[in-house]
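Accompanying notes for the structure given below.
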Amino acid sequence: MKATVHFDTLYNAGEVDKRIFGGFAEHLGRCIYEGMYDPGNPLSDSNGFRIDVLDAIKKLRMPIMRYPGGNFVSSYDWKDGIGPRENRPAHPDFAWKSIEPNTFGTDEFMKWCELANTTPMMAINLGTKGAEEAAALLEYCNMPTGTYWADRRAENGHPQPYGVKVWCLGNEMDGPWQAGHVPAEEYARRADQAGKIMRGLDDTIELVACGSSGRGMATYLDYDRITLEYCWDLVSYVSAHRYSSNHRGDTAWFLAEGVEIDRVIEDYAGLFAYVRGLKKSDKQVYLSFDEWNVWYKNMEMDGKWTQAPHLLEEVYNLEDALVVAQYLNAFIRRADVVKVACFAQVVNVIALLLTRQDGILAQTTYYPVQLMAEHTNGKSLTPVVKCPTYAAGERSEIPVLDVSATLTEEGELAVFVVNRSQTESVSLEIAFQDAVVESVIGVETLSGSDPKAVNSWENPHNVIPAQGSAALTNGNAILEIPALGFTAFRGKISRK
Ligand code: AHR
């Protein structure tokens, strides 16, 4: 098959916010305990942090990390997780029916972020708590010493404020499963009350209002609209979540996920424009896609009142990795709308990485995230793709290629391509209206013949990227994208 992607350097969606490569760590299963934090393990440092996990996360260049949940946060008391460990209480966790020992809390997370070269994105509990607790946490994290909670922080070893910039006003408050779930009208008031006090204490922070936890929710977009109309002046972002599923066992259909992801972003772009119009406002509100991934195989959510149970330990395959690449392609293409996104989650729980006592395993999904985080730089070029379509079941005829691209001022080009065809490779020509591709810097491809291929402890390098090549002809680049393939192309262009 042959295909072309056309670009014009003037036709772009603006600078890509690197925070779209964020992550998410929740007190859930073995994400924190045995994942990030494993004191006594020879692979851990003196803080108890797994060094192999830190190293693998650093390679992903995640600029922001959402914490501590997720559903967990909606019945969490952050005060249980500070101070001397021997005084910290263990509690049952409503969300995951587990025991939370609280030996890892806010200060440990801040230290972990520092070592992982990332920044914290804190979620507050708007389920069972409210404005007062949120204000206390903000004081603990961001205020100079001299007041009660800031002084507690200093006592706990950190006199300098942490300066947490981005704060989530609760989690998935639209979901009936959420502790303290309420209709949008009530959530909006809770969010407004908490957010006003928080920004009153520190007006440098940015707030994220809960939106919908999925497109399938009966209140999809309406929950978001009601909240946004009430909190418009206060918030910088609305949060969207999406988990993709191949529950039909239909790879062709599943690989068309990118089309749905585009739709969700488009829905929010429309919502933001609508409320801005309603308010006659000049302000821009953006999307924080702060939970996204594939998740449908391991639905074990009951921790049976144990500590660090094996929950949601999904094993990812090649087709999942191709869907993950499409999420990031969609975020890059809509750089004008999506400013923050958090891969859910980073370790052990629906994760990029799995740990055992003696090591770490990078899942298939790790590699597109790593390649795209490393090579996305500059503005998001708008791709005009000419390619064949394929039959994607109920999703009908879908383009075989899913493409995004970025370009720096210095002319460094990155083009990310997913070939959804399961049988045919695509010869792709990259052409510019106003520039020539003058050199190829690198080509890396993740592919295979079996969409269900996984990395395992026995065969950890079964699905990993391979180096490829591209030809230059008449100022264009030509490269071969294999069937079931994801390719990251890098080149240098010069303007005509
Ligand atoms: O990431 C797992 C869970 O999925 C989160 O706790 C929740 O926010 C979402 O429903």
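When a ligand or atom number is given, it counts from 1 through the structure's own listing order. Reckoned from all heavy atoms, side chains included, excluding hydrogens, waters and symmetry mates. In this chain, numbering begins with 1 at the start of the sequence shown. Here the structure is a predicted model, which means the values were calculated and not measured.
The closest side-chain heavy-atom distance from Phe331 to Leu287 is not below 4.5 Å.
The residue Val349 has no part lying near ligand 1, judged by heavy-atom distances below 4.0 Å.
Judged as a salt bridge (charged side-chain N to carboxylate O under 4.0 Å, His left out), the pairs with a partner in residues 229-238 (not counting sequence neighbours) are, in order, Arg225-Glu229.
Under a 4.0 Å criterion applied to the non-hydrogen atoms of Glu291, ligand 1 contributes the atoms 1 (O), 3 (C), 4 (O), 5 (C), 7 (C), 8 (O), 9 (C). Near Glu172, the atoms of ligand 1 lying under 4.0 angstrom from a non-hydrogen atom of the residue are 7 (C), 8 (O), 9 (C), 10 (O). Those atoms of ligand 1 that come under 4.0 Å of a heavy atom in Phe24, given as number and element, are 1 (O).
Using cut-offs of 30° and 60° on the angle between ring planes, the pair Tyr33 and Tyr37 is perpendicular.
Distances from atom 6 (O) of ligand 1 to the heavy atoms of His241, Arg66, Glu26 put Glu26 nearest. Nearest to atom 1 (O) of ligand 1 by heavy-atom distance, out of Trp295, Tyr243, Phe72, is Tyr243.
Geometrically, ligand 1 and Trp96 share no nitrogen or oxygen pair separated by less than 3.5 Å.
Of the listed residues (Val324, Leu322, Val294, Asn317), just one forms a side-chain contact (heavy atoms from CB on, under 4.5 Å) with Thr365, and that residue is Val324.
For Asn377, the side chain to side chain contact (heavy atoms under 4.5 Å, CB included) partners are Lys18, Thr408, not counting sequence neighbours.
Distances shorter than 4.0 angstrom occur between a heavy atom of Ile350 and an atom of ligand 1.
Using a 4.0 Å cut-off between charged side-chain N and carboxylate O, Arg356 and Asp358 make a salt bridge.
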